[in-house]
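Heads up, the thing below is written out as structure tokens.
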Amino acid sequence: MDEKYFAKKIEQKWQKIWEETGAFHAEIDDEKPKFYALEMLPYPSGNLHMGHVRNYSAGDALAWYKRLRGFNVLHPIGWDSFGQPAEDAAVKRGVNPRTWTEANIETMRGQLQRLGISYDWRRQMYAHRPDYYKFDQWFFLKMYEMGLAYKKMTQVNWCSTDQATLSNEQASGGICWRCGNSVTKKDLEQWFLKTTAYTDRLLDDMAEIEDGWPASVIKRQQDWMGRSYGAYVDFEIKASGETLFVCPIVDGITSSTDVGKDRVRIFTTRIDTIYGANAIVLAAEHPVIQANMDNFAEEVAAKIAFIRTENAKPADHEAEIEKDGIDTGLKAINPFSHEELPVWVGNYVMMNYGTGAVMSVPAHDQRDFEFAKKFGLPIRQVISEPHMEHAHHTMQALALEQAFPDYGVLVHSDYWNGKTSEQAKVEMTEYAEKHKFGEGATTYRLRDWGISRQRFWGSPIPIVYCDRCGTVPEKFEDLPVELPETAPFTGTGESPLAKVPEFYETTCPKCDGPARRETDTMDTFVDSSWYYYRYTDAENEILPFDPAMAAYWTPVDQYIGGDDHAVMHLIYARFWTKVMYDLGLVPFAEPFKRLLTQGMVVGETFFYESGGKRAYIPPAEVTVERDGKGRILSAKSKDGLHLKYAIERMSKSKGNGVDPDEMVEIYGADAARLFILFAAPIDNELVWNEAGIEGGVRFLQRVWRLAVKWQAALAVPLAARSSVLDDGIVVAGNAKKLRQKTHQTIKRIGDSFESLQFNTPVAALMELSNAIGDFGIDPGNATEADVFAVREALTALTLMLTPFAPHTAEELYSVLVGNENGIIANGARFPEYSEELARADEIEFPVQVNGKLRSRIVTAPETSNEDLEKLALADAKVREFTDGKEIVKIIIVPKRLVNIVVA
RNA sequence: GCUGGGGUGGCGGAAUUGGUAGACGCCCAGGACUUAAAAUCCUGUGUCCUUAGGGACGUACGGGUUCGAUUCCCGUCCCCAGCACCA
């Protein structure tokens, strides 16, 4: 053992040993309980960033902890290696996406290895390699067979200048992110997966996992899927005096929108308020409106067109949009009251939710209320507060200052008067069903998952178009449909694959005639929907994985990753698992038992604004003036420019990133990992500050020096001694106190891991090492009991340090145990704590007078209440506050405190 | 606006769910060692008052419950995140 702590030396040494001994190779073992620790797989952009380091340090700490607890741990990693940046690199720099991707993976794997994360490297999966994406295609065909994959016409964001389809983000603000010209909508046939067929299960199965998932993620998924219970109601439509024009069935709209040529279907969650309807309001894009456009008065048509254009513009989330609309002149008949209502178009009714049509009940819906106020429509209250008299309601409604959306008792509703909202909702829905003008209905916000991408760097969709047979799925045995070596990359137009005849020219799997392949590729969320199953059987060529292997390892016991994947990725993965359940591949429907979302790693950024965009200056090139509290007063660039500053997510483009390699080079992997977990609770945002990491190094050096100091005294190998002291050796004084601290710490750290806290156990380790440092007895004068206590403390410290600083721990452990086989091969376990030893034989009782701390008495924790009372009352400092006063009562909390109440 | 999570020293953060607020670390100051520096070690470090012993105040703010509140209840303010006319 070196006198000094050389991080790099021991890190390289143990990384080599781990690799040579296959220390982290996981194999099925029915003797041991399994634990599947999973972190979200990285996109191989070229470099690891500190967010990755945080994520993987936490996952690795947990994996090590579970190993030490005797679990058979699966801890794998892979590469989310399909996606746009590879293709952008091809467009910009002419590099082949495959070459670019493989090189990046190589770099990042090296970085992860230098951090010493304990992965089973044999199990890596690479989304972009045919042996993996073959099974993206396999799943697609299965879903096609199940009727879950289908093709339909939809609108996409389209930039006509660039001839490119854009994602919503790329079309943000209604302008193309690349060329700045305005974006239009374009119809395109796209493949969809029927996530909506699973919405109820996605929502209902949350009951299974809600204890193990952050409440915020559960909530966001619920909001995202947006289930609401209500009813459809059909209103007959009349064109006042004229014939009504036929309303065509338009694709892309809930099929239930169009129930007939002369009816319009609305969705409501409040059918009980239907007698209060004053109008039917349709979205400007509603098919009934579209069909009658030519028929409307000029100003009506103009207004509708205007609203439609406004709707197409990107929404400004800051401003509240004012209600707008126009009476179309059409009339609708309320099927309950038979009242004739005007049909309006309103800008607040959205075509893509429900049926694109609502009944407007201003008295009981705030939006309808605002609409009615603006256009002077009547407001009729039909739900009363239960205590109010019937006669007062109409008058009151006129005076309403806002809508009354609560449940209550029905009034002004004929037959239904006096019923509660709850009753009326059920009975009125039944009535509508019976009379065939409506039905109970549940609507969702969630749409089907569009997976077509007009890109090269993704898994080809295994479909063939044949003039004779139509749309034909590729045969399973002919998978994978492989990407060609390269394609013309322009970054514009349709999929690059459409320009590669060798790719798209094929024969029909059915009739062998000439046919053309689908040239779109799949969304990369497909890859990440099932990769964690592939780890359990990474080289299977027949199936995505062997169900028996997956049955041992999955479901994932702990998933750790960024909060930003709370909705999309985690819904798709849950959806995929449910499909797999239906296919009989897995015996459960929820893939992740527990989820931990870590906070972002952020840093200071400096920038100036030009043309509405921020131009960033790397912090290293900025002169910063700070106040005594460390807050920034001003910042100047090299050329004297005054800069603005913020705290933002670390990224290359903002120049505020920290290079993990640099951290490892300067401080060592162990210090970097330990510090990033220590610096803040895992779910908090972490503002990176370089000074802190030095504290991490100092701590490891301190531990190292303690080991060096005691090495000679502890020279007898651990194995030669029993783990319990021989009878007859009395452990007392400092040794006893140290043992106490050791056992208290063992308990604390164990508890912390179980509740997924990583910052507090590091603090506890620091305390324990401080306690060893403060032991007060030199190795030269140590008794056998002293040596025992120190050995116990150092051994526990070493083992409990393993999850945070595994290299250092391995090296220290090898010294303690006298061999270099490693912690795992030695069968080391997380130390056991003893309640008995952790108990202090003297504790400090605070003594309060009237709830204020006045003194402390030190005595045995078991001291009786009577004795505590006596001791407290006799205390000189206490008497200053009690003398001459009447003692009302004395409260004693066992093992906690004494509180004397005086008058 | 709605929903969720927060507000504790100069900073990051602890606090066994009602019982000594500020663990641990960073920063800063002083000291030891050194020719010097680095490293290391020691001491101090919530605010105010006090010659000392000590005292008063203190967990966003205002109330309340309690012997006792960072913790529970009511009200207000502020911050962060998500959603945003979802009928």
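Proteins come first, then strands; the chains are lettered A, B, ... in the order of their sequence lines, and each starts at number 1. The figures that follow rest on heavy atoms only: side chains count, while hydrogens, waters and symmetry mates do not.
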May I ask you to say what [X] touches in the nucleic acid, namely base, sugar-phosphate or nothing, with a heavy-atom cut-off under 4.0 Å?
X         : value
Val901(A) : sugar-phosphate
Asn899(A) : base
Arg227(A) : nothing
Glu694(A) : nothing
Asn684(A) : sugar-phosphate
Met350(A) : base
Val888(A) : nothing
Asp368(A) : nothing
Asp751(A) : nothing
Arg220(A) : sugar-phosphate
Gly695(A) : sugar-phosphate
Arg748(A) : nothing

So, for Phe369(A) and Phe404(A), is the gap between ring centers shorter than 6.0 Å?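 Aromatic pair excluded; centres sit 6.0 Å or further apart.
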Side chain of Met766(A) only, heavy atoms from C-beta on: which candidate in rA87(B), rC24(B), rC67(B) is closest?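 Selected nucleotide: rC24(B).
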Evaluate the ring-ring contact (aromatic ring centres under 6.0 Å, His included) criterion for residues Tyr667(A) and Phe699(A): first the C-alpha distance (whole Å), next the side-chain angles of each, then the deciding distance (0.1 Å), finally the verdict. CA-CA 12 Å; Tyr667(A) 306 104; Phe699(A) 165 65; over 10 Å; no
Report yes or no: do Glu836(A) and Ser834(A) form a side-chain donor-acceptor pair below 3.5 Å?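 No pair is found: no donor N or O on one side chain lies under 3.5 Å from an acceptor on the other.
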Assess the side chains of Asn334(A) and Tyr275(A): does a donor N or O sit below 3.5 Å from an acceptor N or O?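 Not at all, the side chains of Asn334(A) and Tyr275(A) share no donor-acceptor pair under 3.5 Å.
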How far, in whole Å, is rG9(B) from rC61(B) if one measures between their P atoms?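 That atom pair is separated by 10 Å.
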Please report the distance separating the P of rA15(B) from the corresponding atom of rA84(B), rounded so that it comes out in whole Å.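 Nearest-Å result for rA15(B) against rA84(B) at atom P: 35 Å.
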For rG9(B), does the O4'-C1'-N9-C4 or O4'-C1'-N1-C2 angle fall within 90° of 0, making it syn, or is it anti?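 Syn.
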Answer yes or no: does a side-chain N or O of Arg896(A) lie under 4.0 Å from OP1 or OP2 of rC67(B)?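 So the side chain of Arg896(A) is outside the cut-off, no N or O lying under 4.0 Å from OP1 or OP2 of rC67(B).
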Figure out the CZ/C1' separation between Phe881(A) and rG54(B), and round it to whole Å.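 After rounding, the gap between these two atoms is 9 Å.
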